[in-house]
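Have a look at the structure below, then the notes.
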Amino acid sequence: MAGIIPSPSNFIENIINSDLENNKYGGRVHTRFPPEPNGYLHIGHAKSICLNFGIARKYNGLCNLRFDDTNPSKEDIEYVESIIEDVKWLGFDWEDRLYFASDYFEQLYDYAVQLIQKGKAFVCDLSNEEMREYRGTLTEPGRESPYRDRSVEENLDLFARMRAGEFPDGFRVLRAKIDMGSPNMNMRDPALYRILRATHHRTGDAWCIYPMYDYAHPLSDYLENITHSICTLEFEDHRPLYDWVLETLELEERPLQIEFARLNLSQTLMSKRKLRELVEQGFVDGWDDPRMPTLSGLRRRGYTPESIRDFCDRIGVAKSNSVVDMAQLEHAVREDLNRRAQRFMAVLRPLKVVIESYPQGQVEELDAENNPENPQAGWRKIPFSRELYIEQDDFMESPPKKFFRLSPGREVRLKHAYIIKCEEVIKDDATGEVLELRCSYDPQTRSGADTSGRKVKGTLHWVSAAHALPAEVRLYDHLLKESAPQEIEEDEDLPGRGELKQMLNPRSLEKLTGCQVEAGLKEAVPGQGYQFLRQGYFCLDAAAGDQLVFNRTVPLRDTWAKIHKPGRPG
RNA sequence: UGGGGCGUCGCCAAGCGGUAAGGCACGGGUCUUUGGAACCCGCACUCGAAGGUUCGAAUCCUUCCGCCCCAGCCA
């Protein structure tokens, strides 16, 4: 038996450990991630990807990427491509094991013939509606199809003619012969093959009959020598059928299906259907809108693969339905980006500051640390001059208690620069709006060369007016309002247009256009995370072309905002 | 009211008969030229409820309660 048995950390690994101890698969561990190419991958899929590939890695096994492409009417090559890109981006490698269920159509057909020969499958002429009636209900058993006792020869002939295209779509199906009285609806002679004329993205028009998931999946797993076939909870009822297919065909070393609870995240949606609705109704810009929980959306938002993997590790794997707090995901990116993101200064809502005691026309190059968490990141030069911009929020004319920032007569440190004092406030006479601040600076207080020994409570970020670059910054917030009932997530009943709309957070996107950012950001590249000092992590929007547009990945934790909640006095 | 699952801190989640891990969130503190980060402290006498078995139960048994899934020729 190969390898060490790692300490168990979830019920799936417990099962694998026990299989390993019993030498059940000769010490092999082989999993697969089996997406249907009918939509874009989201963070919920990431949980499954990390689980399957993670187990393979941990146990020195293998994990395949297999497309479950048995329904050509819903699937498309576009999705295949995006899924491949996303799994790669997440950091996983299936080597040469990229498979498609459609690769097995011929073998699947042969197995179906065997089932018929064993008297375990039959061609049924019941219509869709009739089949539903015959199926019975949750509390009443079903009735056997009048076609159930056709001879093997007749079934063989009919099935061959189904394949040959002799019958119209939906005219007949191949059914398993199991038990119409089973309390498990899935065992009431389920359909194995249906007639469907749709051009398949891989097999074209070679087939007009397509296998059902319940039939194709166990056999695909078997053909790939999968040992542990991990899927979500709703398939628990299907396991007896999964086993029936393999047992009835007398296949040995059968894979074991294990079910876990899919991921739900607070303040967002996870169903492909609802996400599609958001895209199609124009509530978001597309599948990769940075507010979407899709992997492409998270990528554009600035989430790193490392942070998503870490998140998936932290949330664990179990069988109880649960809703993970979005704060958990946000924590994971912050932790990753804090270590790696280069710091820059960027003023989102500029307020002009003139340092009156600073010489006209003088420009000083100051030293700024690129990342205090990583000395290797080095230092850079930033220009300081007489006219600067600071954040509007960093000045208050009548400050509340514990406001450590600038206000008339008060002093603050400008990060990497000097301590300044607010001498005068220039306002618009008509509106009272603060237009500009007149300040003085203390030359003795230059960062790294402070001989004044003075201490101030606040440190502000700033940017030199003449040197800064204009930019657009997009601030994102949760897709759904705090109050949104996440529970109705998977409800198949289409909520009225208004209902979905009501759940949306109207402030999920705020575009700031007059921002002034540090000149070094001109070199920003897509896919790289940056910290804008005191504000959060941002990344260049790759879709914005030549414009300098930054997406906020996640804000920094903000204790001031917490104690100064709106609606609370000072 | 048939079948299959699940119920451990506000949110995740370990625990597998020997006396409740960890993370997030939250609260307090230290430090700080990011109100960031880091660090320290606090945060379930109790495991859906009630009985029972046992020297001993979140873990075993019984009953009850709550929630999720299943009646596609979707996956």
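Labels below follow one simple rule: chain letters A, B, ... track the order of the sequence lines, proteins then strands, and each chain is numbered from 1.
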Taking only the [atom1] atom of each, what is the distance from [N] to [M] in whole angstrom?
| N | M | atom1 | value |
| --- | --- | --- | --- |
| B/C67 | B/U8 | P | 15 Å |
| B/A58 | B/A21 | C1' | 14 Å |
| B/U54 | B/U62 | C1' | 16 Å |
| B/A25 | B/A49 | C1' | 28 Å |
| B/G51 | B/U19 | P | 24 Å |
| B/U30 | B/G36 | P | 13 Å |
| B/U1 | B/G23 | C1' | 42 Å |
| B/G66 | B/G27 | C1' | 32 Å |

Within the modelled atom types, does a donor on one side and an acceptor on the other bring the side chain of [X] and the base of [N] under 3.5 Å apart?
| X | N | answer |
| --- | --- | --- |
| A/R239 | B/G4 | no |
| A/D237 | B/G3 | yes |
| A/Q535 | B/U34 | no |
| A/N14 | B/C16 | yes |

Rounded to whole Å, how long is the line connecting atom [atom1] of [X] with atom [atom2] of [N]?
| X | N | atom1 | atom2 | value |
| --- | --- | --- | --- | --- |
| A/E369 | B/A37 | CD | C1' | 12 Å |
| A/D325 | B/G23 | CG | P | 16 Å |
| A/D76 | B/C74 | CG | C1' | 17 Å |
| A/R163 | B/C73 | CZ | P | 23 Å |
| A/H200 | B/A75 | NE2 | P | 11 Å |
| A/R262 | B/A75 | CZ | P | 15 Å |
| A/L556 | B/U32 | CG | P | 19 Å |
| A/Y537 | B/G36 | OH | P | 11 Å |

Any donor-acceptor pair under 3.5 Å linking the side-chain atoms of [Y] with those of [X]?
| X | Y | result |
| --- | --- | --- |
| A/E330 | A/Y303 | no |
| A/Y242 | A/D221 | yes |
| A/E21 | A/S18 | no |
| A/R32 | A/H217 | yes |

Below the 4.0 Å mark, does [N] have OP1 or OP2 next to a side-chain nitrogen or oxygen of [X]?
| X | N | answer |
| --- | --- | --- |
| A/R194 | B/A75 | yes |
| A/K319 | B/C68 | no |
| A/H461 | B/U34 | no |
| A/R343 | B/A37 | no |
| A/R340 | B/A37 | no |
| A/N371 | B/A37 | no |

May I ask which nucleotide in the shown strands pairs with [N], Watson-Crick or G-U wobble, both distances under 3.5 Å?
| N | answer |
| --- | --- |
| B/U34 | none |
| B/G22 | B/C12 |
| B/G2 | B/C70 |
| B/C64 | B/G48 |

Looking only at the side chain of [X] (C-beta and beyond, no hydrogens), which of the listed nucleotides [options] gets closest?
| X | options | value |
| --- | --- | --- |
| A/Q328 | B/C70, B/C24, B/G36 | B/C24 |
| A/K402 | B/U34, B/G35, B/A13 | B/G35 |
| A/T70 | B/A75, B/G5, B/A13 | B/A75 |
| A/T559 | B/A75, B/C26, B/G35 | B/G35 |
| A/R534 | B/A75, B/G35, B/C73 | B/G35 |
| A/M212 | B/A14, B/G72, B/G35 | B/G72 |
| A/S320 | B/G7, B/C68, B/G3 | B/G7 |
| A/L138 | B/C74, B/C12, B/C70 | B/C70 |
| A/D558 | B/G35, B/C24, B/A37 | B/G35 |
| A/E234 | B/A75, B/C12, B/U34 | B/A75 |

Practice task
Please tell me which of A/L533 and A/N186 maps to the more 5' nucleotide of RNA chain B, matching each residue to the nucleotide holding its nearest heavy atom.
Solution key: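 This one resolves to A/L533.
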Completion exercise
RNA chain B nearest-nucleotide lookup for A/R314 and A/L126: closer to the 5′ end is A/R314
Problem - N-glycosidic conformation, B/C45 - syn within 90 degrees of 0, else anti - result: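 What B/C45 shows is a syn base, its glycosidic angle lying within 90° of 0.
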Problem - Chi class for B/G5: syn within 90° of 0, otherwise anti - result: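 Glycosidic conformation of B/G5: anti.
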Handout entry: Aromatic ring of A/W560 stacked on base six-ring of B/G35, 5.5 Å, 30°
Key = yes
Practice task
Give a yes or no answer on whether the side chain of A/W462 reaches the backbone of A/K415 with a donor-acceptor pair at less than 3.5 Å.
Solution key: yes
Practice task
Could you tell me whether the side chain of A/R334 and the main chain of A/P555 form a donor-acceptor pair under 3.5 Å?
Solution key: yes
Practice task
With the side chain counted from C-beta on, respond yes when A/Y104 and A/T70 share a heavy-atom pair under 4.5 Å apart, and no when they do not.
Solution key: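 Not in contact.
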Practice task
Report yes if some heavy atom in the side chain of A/K319 is under 4.5 Å from a heavy atom in the side chain of A/E236; otherwise report no.
Solution key: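 Touching, per the 4.5 Å side-chain cut-off.
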Exercise for the section: On the 0 to 90° scale, with breaks at 30° and 60°, tag the A/H45-A/H42 ring pair as parallel, tilted or perpendicular. Expected result: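 Geometry flag for A/H42 against A/H45: tilted rings.
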Exercise for the section: Just call it for A/E236: base, sugar-phosphate, or nothing, with non-hydrogen atoms closer than 4.0 Å on any strand. Expected result: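 Since only primed, P, OP1 and OP2 atoms lie under 4.0 Å of A/E236, the category is sugar-phosphate.
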